[in-house]
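Heads up, the thing below is written out as structure tokens.
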Amino acid sequence: MATPTQTPTKAPEEPDPFYYDYNTVQTVGMTLATILFLLGILIVISKKVKCRKADSSPTCKSSPGGGGV
């Protein structure tokens with residue numbers, strides 16, 4: 001077994017650019033998903049409420065059978 005003649009020099013350690021705090025990433029992701037989900041529900045409900053108030057508007061076309069949008 002050979003022994004090295006020089007001691008290895010340590011390179012200056014730089015912070016890893018691909019280090020993620022997964023707890024924060026998960027929290028932010030779930031918060032954004034919840035906000036987008038609730039915004040989608042709000043948009044769907046607001047269109048139905050608007051269509052009930054003005055059934056003759058062109059954006060609220062209902063089928064002849066009486067089914068709403």
All N/O donor-acceptor pairs, side-chain side in residues 11-21, below 3.5 Å, sequence neighbours left out:
from : atom 1 : to  : atom 2 : distance (Å)
D16  : OD1    : F18 : N      : 3.3
D21  : OD2    : T24 : OG1    : 2.6

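Separation of atoms CG (L39) and OG (S46) is listed at 9.0 Å; rounding is to 0.5 Å. Interatomic distance, CG of L42 versus CD1 of I35, reported as 13.0 Å (0.5 Å rounding).
By the criterion of side-chain heavy atoms lying less than 4.5 angstrom apart, applied directly or through intervening Ile, Leu, Val, Met, Phe, Trp or Tyr residues, M30 is not grouped with L38; the two fall into different hydrophobic clusters.
Connectivity analysis of hydrophobic side chains (ILVMFWY, heavy atoms under 4.5 Å, direct or indirect) links L32 to V28.
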